[in-house]
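Input: a single structure, listed below in structure tokens.
Treat the numbers as computed from the prediction; the structure is a model and nothing was measured. In the text below, chain A, chain B and the rest are named by the order of the sequence lines, each starting its count at 1.
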2 protein chains.
Amino acid sequence: MAVSFAEIREDRPGTFTHSCPTRVVLDHVMSRWGVLVIAALSDGTQRWGELRRGVDGISEKMLGSTLRTLVADGLVARRSLPAVPPHVEYSLTPLGLELVERMLPLLSWVADNADEIVGQKAIART
Amino acid sequence: MAVSFAEIREDRPGTFTHSCPTRVVLDHVMSRWGVLVIAALSDGTQRWGELRRGVDGISEKMLGSTLRTLVADGLVARRSLPAVPPHVEYSLTPLGLELVERMLPLLSWVADNADEIVGQKAIART
DNA sequence: CAGGATCCGTCAAGATACTG
DNA sequence: CAGTATCTTGACGGATCCTG
């Protein structure tokens, strides 16, 4: 379990270099809104409107483009119910579930330590 | 261990909302270069030049500003040896170590699945 | 060697309005 | 309700030059 970054790279030479696919994935998945959308979906299937309200501060444009990338990446599934008014559901794919599983510990830690981290600056300013 | 995003938020109302400290931390830590710099430092103390070479594609400006934020956040320690030519070392603080511990599983997973994820688009294009 | 300062282009991102 | 289209802005990020 004590994997190091060096070990990760040893197994796959060239990983995390500039032109590596991992960079693309990181940009999608660790983007400002990508993380939050994925996290929100970890609570289960959600409709467009729910996501819009759930991910505080996101604009419709950003929600749309973020979802489109994640769907194209195969991390999120889109299901459109033919009805009036329209009803569209988003959920994590198996791949997305694997991802979020590894992301939640990180988010949990951030939630626990955010105050201390931003607090450092207040100390530095003193 | 099966923490859900909902659970994380239940314990701390208002977490991950627009004006929450977690958002700031997320922006620093999940930023394009932030992740990579932190990951690189997980291999141990590194000098400026080593980081510059190790984090493929980063510019001096971005390395500088990324390091400055991470140091201000208390995640990275900066040690300047008084010598000519200058010698400066960067390493993770205990807080930074906690963070990277939770980040490595994620990076490892991304390294394993990146090809498949970016591959989805090729399929979609077909 | 380690970096700060500056200039500038590009694109991400917000606001708004409109549509199936 | 679930988006797309368009416009505008400002921050990110690259290149370059300069300093301790």
Determine all donor-acceptor pairs shorter than 3.5 Å in which one atom belongs to a side chain in residues 106-114 of chain B; sequence neighbours excluded.
{"residue": "B:W109", "atom": "NE1", "partner": "A:E98", "partner atom": "OE1", "Å": "2.7"}
{"residue": "B:W109", "atom": "NE1", "partner": "B:N113", "partner atom": "OD1", "Å": "3.3"}
{"residue": "B:D112", "atom": "OD1", "partner": "A:R12", "partner atom": "NE", "Å": "3.1"}
{"residue": "B:D112", "atom": "OD1", "partner": "A:R12", "partner atom": "NH2", "Å": "2.5"}

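In this structure, B:D115 and A:P21 approach most closely via the heavy-atom pair OD1-CG, 3.4 Å. Of all the heavy atoms in B:A6 and A:D43, the pair that sits closest is N-OD1, 2.9 Å.
The interatomic distance linking A:E89 (CD) with D:dC1 (P) rounds to 15 Å, in whole Å. Atom-to-atom, CG of A:L63 to C1' of D:dG3 comes out at 10 Å; the value is rounded to the nearest Å. As rounded to whole Å, 11 Å separates atom P of C:dG3 from atom CG of B:L81. Between the CD atom of B:E50 and the P atom of C:dG3 there is a distance of 12 Å, rounded to whole Å. One can place CZ of A:R79 at 13 Å from P of D:dA2, the figure rounded to the nearest angstrom. Taking atom CG of B:L70 as the reference point, atom P of C:dG3 lies 14 Å away to the nearest angstrom.
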query: What string of B, S and - do you get for nucleotides 4-20 of chain C, 5' to 3', if B is base contact, S is sugar-phosphate-only contact and - is no contact with any protein heavy atom under 4.0 Å?
result: S-BB-----BBB-B--B
message: The test is side chain to side chain contact (heavy atoms under 4.5 Å, CB included); show your working for B:F16 and B:I8 and say whether it passes.
response: CA-CA 10 Å; B:F16 293 110; B:I8 295 176; 4.1 Å; yes
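Looking at the side chain of B:R47, the nearest of the listed nucleotides C:dG3, D:dG3, C:dA2 is C:dA2. Set against C:dC1, C:dG3, D:dC1, the side chain of B:W48 has C:dG3 as its closest nucleotide.
Not a single donor-acceptor pair under 3.5 Å links the side chain of A:R47 to the backbone N or O of A:E89. At distances below 3.5 Å, not a single donor-acceptor pair connects side-chain atoms of A:R78 with backbone N or O atoms of A:Y90. Between the side chain of B:T45 and the main chain of B:S91, no donor-acceptor pair closer than 3.5 Å is present. Listed for the A:T93 side chain is a donor-acceptor partner under 3.5 Å among the backbone atoms of A:G74. In this structure, the side chain of B:T69 engages the main chain of B:T66 through a donor-acceptor pair within 3.5 Å.
Taking five base pairs at each end of the helix from C:dC1-D:dG20 to C:dG20-D:dC1, the local helix axes there meet at an angle of 50°, rounded to 10°.
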